[in-house]
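Note on naming: letters A, B, ... go to the chains in the order of the sequence lines (proteins, then strands), and numbering restarts at 1 for each one. We use all heavy atoms of the structure for the numbers below, so side chains are in, but hydrogens, waters and symmetry mates are not. If you're wondering where the values come from, they're calculated on a predicted model, not measured in any experiment.
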Amino acid sequence: MALRIGCAAAPGRAQDNKTGSWRVFMPVVDMEKCILCGTCILSCPETSVSEKDGQILFDLDFCKGCGVCANECRAEAITMIQEEK
Amino acid sequence: MLQIMEGSHAVAEAAKLCRPEVVSAYPITPQTHIVERLAEMVADGELDAEYLCVDSELSALSVCIGSSAAGSRVYSATSSQGLMLMAEVVFNVAGMRQPIVMSIANRALGAPLSIWNDQQDSISLRDAGWFHLYGEDVQEMTDQHFIAYKAAEQHDVLLPGFVCFDGFILSHTYEPVDIPSQEEIDAFLPPYVPYNKLDAKAPISMGMYATPDYYMEFRYETDQALQRAGDAISAAGKEFGEMFGRDYSGHTESYRMDDADVAFVALGSICGTVKDAIDEMRADGIKAGLVKIRTFRPFPAAELAKALAGVPKVAVLEKNISLGSAMKGAVGPEVKDALTGTAIEVYSYVIGLGGRDIRKKDIRAIAALAEKGVGNMFYGLRTEVL
Amino acid sequence: MVDKSLELFDCGHRACGGCGPAMLARLMLKGTGEDVIVVASTGCMEVFSTPYPETAWKVPWIHSLFENAAAVASGVEASLKHNNRTEKVVCICGDGATFDIGMLCISGAFERGHDITYICYDNEAYMNTGIQRSGATPYDASTTTSPAGKKSMGNSLPKKDMPQILNAHGASYVATASVAYPMDVMKKVEKAVNTPGACYLQVHTPCSTGWGFDGSKTIEIGKQAIECGLWVNYEMEYGELKASKKVRRVPVDGYLKAQKRFRHLFKPQPVTEEIAKIQAIADANAAKYGIDIQLNE
Amino acid sequence: MGIFLRELRIHGRGGQGSVTAAELIATAAFKSGVFSQAFPAFGVERRGAPVQAFVRFSDEKVRLRSQIYEPDYIVVQDSSLIADVDVFSGLKEGGIALVNTENGIVEGVPDGVKLITIDATSLALEILGLPITNTTLMGAFAAATGEIELKSLEEALRERFSGSLAEKNIAAARRAYEMVKEGQ
């Protein structure tokens, strides 16, 4: 049966939907200003902000460019810039 | 063991023997004695199940969805208005492919309010994706619970089933019934093995929504599964017959159909009265017969066509009314459809609504009407009060 | 610092940019951990997170209907109990499913005292179907079924006090939270799932589309609601108030002005008597929950 | 056909235990080797309202599900019912009417019907201490019709009731059985 009985599915397929294409503005972080407080990570509705080796990373495959991270950044380290497509 | 007991209590015994882990129901006449008895069994430690005394039928069947999805065998029972209150959930259960078995003590629907028997409740939900079994007597309706669980839980089926029996007429009747032992039922009905279940060790999402790209395919799959349920019911009925001597491999049962000039088609307890009436008619030279429908969903069209082949007239006895339809009853058109391409005349007779008693003489009168080609009507209306 | 590999709510879901409920879905699962079964009602979150076959849920999740999540969860819990399983059972339902259509099933589940946590994501209207009023819609908010007009100031009814209704059922733990305070949400979810019995959590989840503000302001709006006293974060245990978030309260005007749903209160000119009524609601909240920071403190 | 079907209709009032009586008679008949069927006239009657219950007895499985219109036997739990209800309706010629009455006077008994009266109320009061007549009438029914054996009736009563309650009911049934036997 190709369809999962009862309209059920295993996790993993949501990532097929690359919501990054919805974006108009793109977040850019100035690591000079960033204090690594994690607010942007916790606030992101898309689970698309992460930190690795002291760097804040945006997963642009999924970031919808809502700007919550920039709005909430207390160090004002994130700016939203218009993206060229 | 053959013993005498009330129909409702026999159903409760059957439910218990199927070892449900969760029982969730809301009391409604004439189903109450079933759930009261199950509550006693749990209270006395005879049945090791979670018994949820819920706020409504809506919750009762919703609880069943949750427990079933979590991997438990579950049981519920209802009637009439209760079934209507859970109607949205009824459709949902089938779409979610949860093999829940629910007893329906058939009762009329309001308005006007009526606590008495007809089959409007379950017939009205014939398109919900559940299989429907109808019992003629306490023995048959009891046995059908074992068959229902067995068929429902097959992995190529995974659909819920109604076990329907006439409220009061069967639910409140005391008669001898053979109740199998726990060992026998354990041998017939193995523990439930879910196909999908909610489990943190292997997460899945159940009951997602489908866009137009998928919805029709899910409905198609459900229909296919319901067709396979027919085979599963038949196979389980045959196996049950081999183990217990009562064979339910047929979706229909023919009674004195040899050379019949008029055949009745009916569901449920009325079939007993019809059989007695047929014996009388045959003694008087009227060649009548009966084809009883045991499995109403999936509709056993091919089996009915075979059973009714060559009979000039068919009288479908309907304990329901499909308001506004041409034939009046809901079963008649399906019987007629099954006989497409034949010269057999099919008539519906709406009879016994809201507990109106049905006697042998009524059955004889309907045979006479069918002979004359008069049908698709209410039978036995009290015209003086109209 | 949060490691993305621990995320239980996947990216790729279809919520609007800046979605408050999507924030909650993530935070909630951080609070529960992975040993959980989630029961969802029909609603915005269900639709944006589970179009077949793309589920955003990495934990077991089930949706049945709009109104029956509490009953489905009761059934899940009964099955787990019977089989000595350890998963926590959590409902996540919108305010329509909670305040209105689901009341019967919720009342039954809380009366029976199942060991479940019911979380309402409160965005104060039926957002899934296009912003119709619910029992959670605040006074004077304009929605598509309570529109402001020449003879209407919007929703004429006060917000239903759902937490008190569940307190009256004897719930072990009842709390409110806001996605504007993520750590507080996670902490309360964790507390609720570890408290035996039926627990209720009502989380303010601003909706940029439904309320009319820019998606970047979701958290800012949530904070404003708390700072003016129109939303109060508190915790109750067995019906007793245990804690509430204290604020230096500001007038309600700023919060209202920031949202299109209250625009009719200010344009063409301010309707001072209506704004005063809303201020009175905030004042009553402040008095009831003791949220005002006193100057001498 | 060959099926020899006998039918009983019990007339009582809500609360008098007519349904229980029908069930116990069917149980006793089953224990006597008969295929029996008992069912109430399904209704919403409250305490005191006239009610009916039915029993069928047969040597083979009973299939008929209609109510009973032409009974072989009727049991009337309270003679005051005769004024309210046509208890004799359809009673077959040669049929038996068992009526609970204090004074033995029963009006309107059709011709050809065998009337048996018993003061079941006094008997029940004496033995059970309660005016509950159904078990007493069961004993009388057993004696009057021979459909059920007294031994089977006692068994059925022991299954339904426990301890001294069972024994008192059995004593009442047995006493009524003897009284009817003596009267015959």
Side-chain angles (χ1 to χ4, degrees), chain B residues 20-24 26 48-74 76 85-86 88-93 95-96 98 100 192 194 196-215 217-218, chain C residues 8 10 32-40 42 46-83 85-89 91 101-112 114 116:
Chain B
E21 291 184 345
V22 178
V23 175
S24 174
Y26 187 80
D48 177 23
E50 308 300 317
Y51 184 96
L52 272 61
C53 211
V54 293
D55 45 84
S56 63
E57 286 88 358
L58 168 66
S59 280
L61 192 56
S62 299
V63 162
C64 291
I65 287 192
S67 299
S68 179
S72 290
R73 181 177 288 158
V74 299
S76 191
L85 185 60
M86 57 168 74
E88 190 190 5
V89 195
V90 169
F91 278 79
N92 201 249
V93 171
M96 294 188 70
Q98 298 303 324
I100 293 165
Y192 173 43
N196 271 339
K197 75 169 183 180
L198 296 168
D199 183 353
K201 290 192 272 301
I204 55 163
S205 293
M206 299 172 81
M208 300 167 72
Y209 86 97
T211 61
D213 288 341
Y214 289 101
Y215 183 83
E217 285 70 23
F218 277 110
Chain C
L8 295 169
D10 218 344
T32 62
E34 59 189 359
D35 201 28
V36 67
I37 291 172
V38 175
V39 180
T42 309
E46 174 252 339
V47 168
F48 75 63
S49 66
T50 63
Y52 179 85
E54 295 170 5
T55 180
W57 298 86
K58 296 184 186 176
V59 296
W61 177 97
I62 182 170
H63 159 255
S64 168
L65 296 167
F66 191 11
E67 72 281 13
N68 69 353
V72 172
S74 303
V76 172
E77 185 254 19
S79 171
L80 301 186
K81 187 174 153 197
H82 192 82
N83 291 288
R85 286 169 60 182
T86 58
E87 291 106 315
K88 307 291 185 191
V89 181
C91 292
I101 202 168
M103 281 292 284
L104 175 65
C105 293
I106 294 170
S107 178
F110 275 70
E111 178 196 331
R112 293 188 299 273
H114 290 280
I116 61 173

Which residue out of C:N68, C:L104, C:N83 racks up the most heavy-atom pairs below 4.5 Å with chain B?
C:L104

Main-chain N/O of C:A40 paired to C:H63 side chain as donor or acceptor, under 3.5 Å:
no

Output all residues satisfying salt bridge (Lys or Arg N to Asp or Glu O under 4.0 Å) with C:E54, sequence neighbours left out; order by chain, then residue number.
C:R14

Please classify the contact between C:A78 and chain B as side chain, backbone, both or neither, with a heavy-atom cut-off of under 4.5 Å.
both

Just give me the residue among C:V76, C:V36, C:D35 that pairs up with chain B most often, heavy atom to heavy atom, under 4.5 Å.
C:V76

For B:V89, is it the side chain, the backbone, both, or neither that has a heavy atom closer than 4.5 Å to a heavy atom of chain C?
both

Do C:E77 and C:V89 come within less than 4.5 Å of each other through their side chains, counting heavy atoms only?
yes

Between B:V22 and chain C, which part of the residue has a heavy atom less than 4.5 Å away: side chain, backbone, both or neither?
side chain

Please determine, among B:A60, B:G71, B:S56, the option with the most heavy-atom pairs under 4.5 Å with chain C.
B:S56

Contact class of B:L52 relative to chain C, heavy atoms under 4.5 angstrom:
side chain

Measuring heavy-atom distances to chain B, does C:E34 have an atom under 4.5 Å in its side chain, in its backbone, in both, or in neither?
backbone

So what's closer than 4.5 Å to chain C heavy atoms on B:A49: side chain, backbone, both or neither?
backbone

Tell me if a side-chain donor or acceptor on C:R85 pairs with a main-chain N or O of B:A70 at a distance below 3.5 Å.
yes

Check the angle between the aromatic planes of C:W61 and C:W57 and answer parallel, tilted or perpendicular using the 30° and 60° thresholds.
parallel

Any donor and acceptor pair, going by atom type alone, linking the side chain of C:T50 with main-chain N or O of C:E46 inside 3.5 Å?
yes

Checking B:S24 against chain C: side chain, backbone, both or neither under 4.5 Å from a heavy atom?
neither

Going by heavy atoms in the side chains, are B:L61 and B:I100 under 4.5 Å from each other?
yes

Just give me the residue among C:G108, C:P51, C:P53 that pairs up with chain B most often, heavy atom to heavy atom, under 4.5 Å.
C:P51

Which bit of B:Y209 comes within less than 4.5 Å of chain C, counting heavy atoms only: side chain, backbone, both or neither?
both

Using only atom types and a distance under 3.5 Å, with no angle test, would you say the side chain of C:S107 pairs donor to acceptor with the backbone of C:M103?
no

Interface check, chain B: of C:V47, C:L80, C:V59, C:T42, most non-hydrogen pairs under 4.5 Å belong to C:V47

With a 4.5 Å limit on heavy-atom distance, are the side chains of B:P20 and B:V74 in contact?
no

Region of C:I62 in contact with chain B, defined by heavy-atom distances below 4.5 Å
both

According to the side chain to side chain donor-acceptor pair (under 3.5 Å) rule, which pairs have a member within residues 197-208 of chain B, sequence neighbours left out?
B:S205-C:T55

With a 4.5 angstrom heavy-atom cut-off, is it the side chain or the backbone of B:D213 that approaches chain C, or both, or neither?
neither

